[in-house]
Amino acid sequence: MGLGDPIEIQFLIERGYVRKKCPKCGEYFWTLDPDRETCGESPCEPYSFIGRGIADKSLEEVREDFLSFMESKGHTRIGRYPVIARWRDDLFLTSASIVDFQPFITAGLVPPPANPLTISQPCIRLKDVDKVGPTMGRHLTIFEMMAHHAFNTKERFVYWKERTVELFHEYATEVLRIPEEEIIYKEGIWEGGGNAGPDLEPIVRGLEIATLVFMEYREENGKYVPMDTKVVDTGYGLERITWLLRGDPTGFHAVYGDLVDTFRSELGIERVEERLLSRYSEVSSILRELERGRKVEALRRRIAEILMLDSSYLEEKIAPLEKAFALLDHTKTIAFMLADGLVPSNVNEGYLGRLLIRRSLKLLKLLGVETNLSELVARQVSYWSGKGFPELKEALDRIVEIVDIEQARYEEILRRGEKIVRGIVKSKRKLDLEDLITLYDSHGVPPELVQTVAGKLGVNVEVPDNFYELIAGRHESRKPEAPKLPPFIDELDRYKPTKLLYYQDPYLMEFDATVIGHVGDMVLLDETAFYPEGGGQPSDVGVLSWSGGRAEVVSVEKYKGRVLHRLNGPLPPLGTRVHGKVDEERRLSRMRHHTATHVILEAARRVLGPHVWQWGAQKGDEESRLDITHYKSITPEELERIELLANETVMRNLPVNTFWLLRTDAERRYGFILYQGGVVPDPALRIVEIQGYNVQACGGTHVTRTGDIGPIKVWRARRIQDGVIRLEFSAGVPAARRLIKAHSKLKEIAQSLGVSEEEVDKAFKAAMEELKDLRREIRRHAREIEEAKIREILKEFEKVGDYRISHVELASVSLDEGVKLVDKLVGSEERVVILTKPSGDRVEVAVLVNGYDLMAGDLVRETTKSVGGGGGGDQRLGRGSIPKEKLESFLEVIRARLGGS
RNA sequence: GGGCCCGUAGCUCAGAUGGUAGAGCGCCGGCUUUGCAAGCCGGAGGUCCCGGGUUCGAGUCCCGGCGGGUCCA
């Protein structure tokens with residue numbers, strides 16, 4: 001059977017179901033009613049469940065009913081996975097329950113945690129974020145996907161299509177008590193995550209309440225091929241089912257209960273009568289416009305027509321409520337994301353978190369309320385922690401803090417952006433592309449905001465559609481190079497995988513092995529102690545020697561389990577016994593740094609919180625770096641606590657154990673915290689466990705006890721990016737060396753200050769303070785003395801031509817200061833004041849012209865030049881300098897100039 | 001890792017073209033007011049991030065470093 005063929009379920013046929021084609025959407029469906037025309041799903045037919053409740057059940061009751069029903073049918077209930085898909089490198093968020101089990105379990109490479117199993121998985125999808133609110137609950141960014149999954153392998157068949165439909169049918173009719181004749185099964189095709197298969201979508205009263213997917217194909221080079229493992233992938237919409245059962249006016253009423261009213265009144269929004277809301281929901285369900293992204297306002301006008309209401313009345317009533325609905329949804333999503341350890345940033349899942357937070361802040365702004373977003377999020381936390389998610393409450397403080405920080409940031413950007421835009425508009429009445437780029441590039445102000453602000457000032461700004469491309473182009477962005485596979489990659493299959501001695505004994509530095517191949521210009525051995533580059537640990541170097549030859553190993557690479565040694569000399573012939581010697585000092589240093597990385601990461605988690613994840617790491621011989629996620633900068637005190645905890649862990653001399661586990665077992669035992677160094681693309685994981693302290697999946701070489709690390713010193717912590725802090729540290733010998741050096745410098749300073757090392761900072765500050773005071777005192781003195789002197793000098797003058805001139809010889813104040821004094825003291829008297837001040841082998845000069853029409857700058861330029869100096873200035877003041885011995889002639893030249901004119 | 005921007009008084013920031021370092025807020029003192037809010041007058045407060053260079057002269061120009069922001073990988 002191929003994709004798109006009729007899906008014939010005997011169970012349904014026996015019950016009298018017939019296959020029909022919907023004249024509206026053209027899709028096939030199964031129904032008990034032979035006279036039925038359409039498929040029954042909105043928008044082919046409107047909702048018919050609103051106001052016709054079947055049972056007054058809460059969301060939790062519906063969830064519990066489902067899970068225990070599936071348990072009674074032989075399924076094992078398992079707990080939810082995080083909403084951040086840390087185990088996937090192709091997804092940021094958990095968007096469906098099956099995401100939990102891709103790719104290894106669905107591919108049959110790793111056994112599932114239970115089989116069959118049932119779960120209620122909170123899922124986040126941001127694709128339809130614009131529709132949340134206007135569709136009255138049909139779209140949500142966060143929802144729970146209840147599911148039962150069965151994984152059918154060659155070895156074990158669990159159940160397939162018939163049983164799946166039976167299970168759904170029984171659940172719908174017995175547990176939900178939906179009359180059988182109201183259930184319609186629509187045929188469809190489901191694709192996602194590299195898998196595909198036919199599906200059935202049960203429709204009840206206009207609403208699709210589940211999707212029953214029979215996953216039996218996987219994508220290979222753009223084509224679908226049958227899988228060995230066939231997976232039952234069901235998804236039951238908890239929120240939709242609850243809505244259907246209750247018949248509430250909107251989905252939000254069904255999901256959020258009394259939070260709807262809490263939010264409504266908190267946001268100062270008028271209550272809308274239920275009848276109107278219900279009618280609105282029903283009518284909106286048949287309109288496709290929204291789905292196609294048409295403007296909400298246009299949609300509302302059509303609904304107003306259908307309901308025969310004034311459209312501005314409807315707009316006024318509904319628009320604010322939609323925003324409250326969107327806020328209900330977004331704040332819940334934010335709460336879950338942050339509880340599961342998301343740190344807002346400008347990349348990856350961090351960006352998605354920020355996106356939702358900023359959207360919410362914008363909604364608050366549009367509603368014109370002053371409420372802090374964190375208050376609303378906190379309400380969600382307490383609401384949901386009482387409804388099956390107690391883990392949210394533990395993260396409350398952090399969640400509130402992060403949301404507050406993000407709000408402050410957002411407001412800061414708005415403020416700054418507005419200021420800059422105003423400045424530009426004021427100075428040139430328009431904004432061009434260059435301005436937009438600068439604003440975005442250097443100030444982080446998005447063009448949409450610029451448009452808004454400029455619009456308020458009456459300036460129209462064009463934002464090109466390809467704006468973000470332009471920015472990228474400016475940054476000469478290089479495409480990330482696809483991991484280049486060497487040309488000999490297929491050749492490798494001929495050889496046996498290398499025996500990895502460095503895993504058996506990380507301290508093994510010498511070994512004997514046999515050359516089993518030459519690949520490219522590299523040597524392949526049957527076993528090796530050389531560690532190849534990987535996991536942020538650089539490759540080993542060392543020496544290979546054999547009878548009649550010797551070569552340095554300059555780098556080591558590993559492909560497909562074969563370790564290749566690159567030599568800088570002749571290659572030993574095939575079959576040669578070689579003796580390998582790893583550069584011990586470097587290797588040991590890297591091992592220490594590597595284990596230290598794990599130690600520091602855990603210390604950071606314990607000090608800062610469980611949202612801390614490794615973002616990246618680079619190990620070196622002298623110094624290593626560990627980048628961690630954190631939402632603000634680390635304080636010096638926090639850093640000290642991290643360092644202390646790390647060093648205490650070293651001193652506890654904990655065993656470091658390494659072993660292999662299947663992914664499912666490892667995840668069950670340790671959780672997703674394992675995936676710190678990125679996603680490992682293998683069914684089995686190498687576990688590095690610092691006993692009783694930290695566990696990670698890691699392929700690196702590690703010391704066997706933490707005591708072997710030696711001292712750990714974090715030199716500095718700095719924000720390298722939004723939401724990412726880089727810790728630069730040393731471990732072992734380099735740490736000790738640098739600490740010793742730093743301490744001897746400190747000792748030296750303490751000695752010169754004549755204080756103990758403990759007081760060196762205080763003494764230094766005091767000395768600086770004293771220095772400052774003394775400087776001030778000296779300057780004040782000098783000024784007083786000079787002032788008195790200048791006052792005397794200015795009383796007299798020499799008449800040269802039409803000018804009265806005075807000569808002030810400065811001794812203890814700077815020329816600048818002298819000029820200021822003269823300027824103050826000369827008052828309104830007509831005078832040309834020449835100031836001179838010796839400075840090394842030159843004399844600084846200034847001429848201040850007071851009350852005469854004379855260009856001081858020109859005068860100084862010409863006169864200084866004529867005696868071998870230089871200078872210039874403006875109308876009132878000229879300044880320059882001349883050689884010391886030319887002072888007398890300089891004064892003569894000035895006299896001559898003034899006298900002659 | 002790379003691009004761009006910034007670093008000036010306790011804080012927020014001005015300081016075309018290189019030429020006597022400024023404003024607002026805050027602080028101190030005085031005046032005005034029944035008091036408050038405020039207003040008026042005066043004052044203290046500066047290693048213009050650090051180091052080098054160009055120049056007669058650098059907060060300003062150039063190079064390097066440190067610190068911060070922002071964008072792109």
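Lettering of chains follows the sequences in order, A, B, ..., and the numbering in each one begins at 1. Any value given below was found using the heavy atoms of this structure, including those in side chains, with hydrogens, waters and symmetry copies removed.
Counting non-hydrogen atoms under 4.0 angstrom, A:Asp816 reaches the backbone sugars and phosphates but no base. Among the heavy atoms of the strands, none lies under 4.0 Å from A:Arg780. Here A:Arg779 lies out of heavy-atom contact (under 4.0 Å) with every strand. Nucleic acid contact for A:Arg861: none, since no nucleic acid atom lies under 4.0 Å from a heavy atom of the residue.
Here, B:rA58 and B:rG69 have their C1' atoms 26 Å apart, quoted to the whole Å. Rounded to a whole angstrom, the distance from the C1' atom of B:rA21 to that of B:rC31 is 30 Å. Rounded to a whole angstrom, the distance from the P atom of B:rG22 to that of B:rA44 is 12 Å. On the C1' atoms, B:rG24 is 10 Å away from B:rA14, given to the nearest whole Å. Spacing of C1' atoms, B:rA23 relative to B:rG15, comes out at 10 Å, to the nearest Å. The separation of B:rU55 from B:rU60, taken at their C1' atoms, amounts to 13 Å, rounded to a whole angstrom. Annotation: B:rU12 and B:rG30 have their C1' atoms spaced 28 Å apart (nearest Å). Comparing the same atom, C1', in B:rC13 and in B:rC50 gives a spacing of 22 Å after rounding to whole Å.
Here B:rG67 sits opposite B:rC6 as a Watson-Crick or G-U wobble pair (both hydrogen-bonding atom distances under 3.5 Å). In this structure B:rU54 sits in no base pair that meets the Watson-Crick or G-U test at under 3.5 Å. Partner assigned to B:rG42 is B:rC28, using Watson-Crick or G-U wobble distances below 3.5 angstrom. Base pairing annotation: B:rU47 forms no Watson-Crick or G-U wobble pair, as no partner gives both donor-acceptor distances under 3.5 Å. Figure legend. B:rU20 is base-paired to no nucleotide; pairs are counted as Watson-Crick or G-U wobble with both atom distances under 3.5 Å.
Comparing A:Arg776 and A:Gly870 by the nucleotide of RNA chain B that holds the closest heavy atom to each, the one mapping nearer the 5' end is A:Arg776. Nearest-nucleotide mapping onto RNA chain B: of A:Gly878 and A:Gly869, the residue sitting toward the 5' end is A:Gly878.
Following rounding to the nearest Å, A:Arg879 (CZ) and B:rA58 (C1') show an atom-to-atom distance of 11 Å. Per the geometry, CZ belonging to A:Arg783 stands 12 Å off C1' belonging to B:rA44, to the nearest Å. Following rounding to the nearest Å, A:Leu821 (CG) and B:rA21 (P) show an atom-to-atom distance of 12 Å. Atom-to-atom, CD of A:Glu844 to P of B:rG57 comes out at 9 Å; the value is rounded to the nearest Å. We find that NZ of A:Lys837 is positioned 17 Å from P of B:rU20, with the value rounded to whole Å. As a whole-Å value, the separation of A:Asp874 CG from B:rG57 C1' is 13 Å. As a whole-Å value, the separation of A:Arg716 CZ from B:rC66 P is 7 Å. Following rounding to the nearest Å, A:Glu777 (CD) and B:rA44 (P) show an atom-to-atom distance of 14 Å.
In this structure, B:rA44 shows a glycosidic angle more than 90 degrees from zero, which is the anti conformation.
Here the straight-line distance linking atom CZ of A:Phe92 with atom CE of A:Met337 works out to 11.0 Å at 0.5 Å rounding.
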Salt bridge (Lys or Arg N to Asp or Glu O under 4.0 Å) between A:Lys824 and A:Glu787, worked out: CA-CA 10 Å; A:Lys824 189 176 88 181; A:Glu787 190 167 345; 3.3 Å; yes
Criterion side chain to side chain contact (heavy atoms under 4.5 Å, CB included) on A:Asp823 and A:Arg876, from CA distance to verdict: CA-CA 10 Å; A:Asp823 198 14; A:Arg876 258 200 95 216; 2.9 Å; yes
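The aromatic rings of A:Tyr803 and A:Tyr852 sit perpendicular to each other, their planes meeting at more than 60°, with 30° as the lower class boundary.
OP1 or OP2 of B:rU55 has not a single side-chain nitrogen or oxygen of A:Arg842 nearer than 4.0 Å.
The two atoms that bring A:Arg590 and A:Ser539 nearest to each other are NH1-O, 2.7 Å, heavy atoms only.
Listed candidates were B:rG1, B:rU20, B:rC56. Nearest to the side chain of A:Arg876 is B:rU20.
Of the charged side-chain nitrogens involved, none lies within less than 4.0 Å of a carboxylate oxygen, so that A:Lys789 and A:Glu809 do not count as a salt-bridged pair.
Between A:Gln875 and A:Met855, the closest side-chain pair of non-hydrogen atoms falls below 4.5 Å.
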